[in-house]
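Remember, it's 1-based here, ligands and their atoms both numbered in the order they're listed. Note: hydrogens, waters and symmetry copies are ignored here, and every other heavy atom, side chains too, is used. Here the structure is a predicted model, which is why all the values come from computation and not from measurement.
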Amino acid sequence: MERESDRLAYSNASSISISRDILPIKMSNILSSVAYTQEGHLIKAANAHKGQSYICPNCNLELILRRGKIKRPHFAHKTLSANCTPETALHYIFKTLLYEKIQHHLENKLPLDIKWNCEYCPNPHTDNLLKKAVHVELEHNLGVCKPDIALLDKDNKVIAVIEVVVSHFIEQSTLNYYEQNKIVLIQYILTMDEDIGRLNNPLIEPDKVALCLNPKCNECGRYKSKKHLLIINAFCWKCSAPMKVAAIDGDDGYISNSGFSESDRKLANEKGALVISQYSQTVGRIYFANTCKKCRAFIGDYYLSDYIVASHDEGDFYKKEIFDIGYYCVCSL
Ligand SMILES: [Zn+2]
Ligand SMILES: [Zn+2]
Ligand SMILES: [Zn+2]
Ligand SMILES: [Zn+2]
């Protein structure tokens, strides 16, 4: 392990620019909670013993156990270590353990599932982090930056980086570099030393991933969102007969009746609705509308959203079925 080089690489960021780049978190949440024993094993403060000496994973200096009445057990440097704080130590150990976990999966050709809430669409995504990666590097030098962890493909090209963020933001120039070079940025944002426990999860669940798995819109270039066909068990507004009302609902907002494609309409009618073309006097044109099978009254586009809203309520009144029908973009509504 390259402990010394890591300390040097990281010390500037933490000690000099910390007041400017600090995250809005309570720093007291972070204590040094892991250390190496003299034998080189990682140990948690809760399992450590007073009077024994331990080694700081970050700066290699001696640590002692503090077990007081107010703070939970933690390690402290025996003598002051200017460039080593609990934050830098947490950063170091988290990065190292995550790297070792990825390395273990690569060596054994095991998939490593990653799950994230998407910044670009409302859907969470899951994928295999190691689909294309064949190699992992700590502090890989990219010239403009040294990401904590880099994943490389068979052509030795960096395809994704993992940044463990504790007390600093990532520089804008670095973010630009990742974007320009199509490198997926994965971020863990740590706010307390207990975050180390997140690595026990067999799944990788970072806080931010700059990637959406949905297709992109050909018109505007943004990521599309999922859309669903709802079949709502309702009643005709005119004759009160039970009526299945089809509506298209999108993860990125309501889609109007005119959003019914031929295949959506076919599916809706297979599921018991009656969506046919109707002439609306209100808007002066023909469009597809839900029609009562008994009295042939139809639901105007304007009122259809009321059915969707009512079906979102958890009550028993409007039960509904949901079918995935692909993707849409808000620009084409
Ligand atoms: Zn240290
Ligand atoms: Zn997405
Ligand atoms: Zn679009
Ligand atoms: Zn009716």
message: If we only look closer than 2.8 Å, how many protein N, O or S atoms does the Zn ion (ligand 1) have near it?
response: 4
query: Is the backbone N or O of Leu151 less than 3.5 Å from a side-chain atom of Glu137, with the two atoms forming a donor-acceptor pair by type?
result: no
query: SG (Cys331) to the Zn ion (ligand 3) to SG (Cys329): angle, nearest 10 degrees?
result: 110°
Hey, is [atom1] on [X] packed in by over 12 heavy atoms from elsewhere, all under 6.0 Å?
X      : atom1 : value
Asn181 : CG    : yes
Arg66  : CZ    : no
Asn218 : CG    : no

- request: Specify whether Phe298 and Tyr287 have parallel, tilted or perpendicular ring planes, treating 30° as the upper limit for parallel and 60° as the lower limit for perpendicular.
  value: perpendicular
query: Between the side chains of Ser173 and Asn176, is a donor N or O closer than 3.5 angstrom to an acceptor N or O?
result: no
Distance-only side-chain donor-acceptor flag, Glu163 / Tyr178, under 3.5 Å: yes
- request: Keeping waters out of it, list the protein N, O or S atoms under 2.8 Å from the Zn ion (ligand 4).
  value: Cys236 SG, Cys239 SG, Cys292 SG, Cys295 SG
task: Test the Lys224-Tyr328 pair against the cation-pi criterion, namely NZ or CZ under 6.0 angstrom from the six-membered ring centroid and within 45° of the ring axis.
output: no
- prompt: Are Glu139 and Lys95 within salt-bridge range, i.e. N to O under 4.0 Å?
  reply: yes
- prompt: Are Tyr36 and Tyr54 close enough, and set up right, to give a ring pair (Phe, Tyr, Trp, His ring centres under 6.0 Å), and what steps lead you there?
  reply: CA-CA 6 Å; Tyr36 284 114; Tyr54 297 93; over 10 Å; no
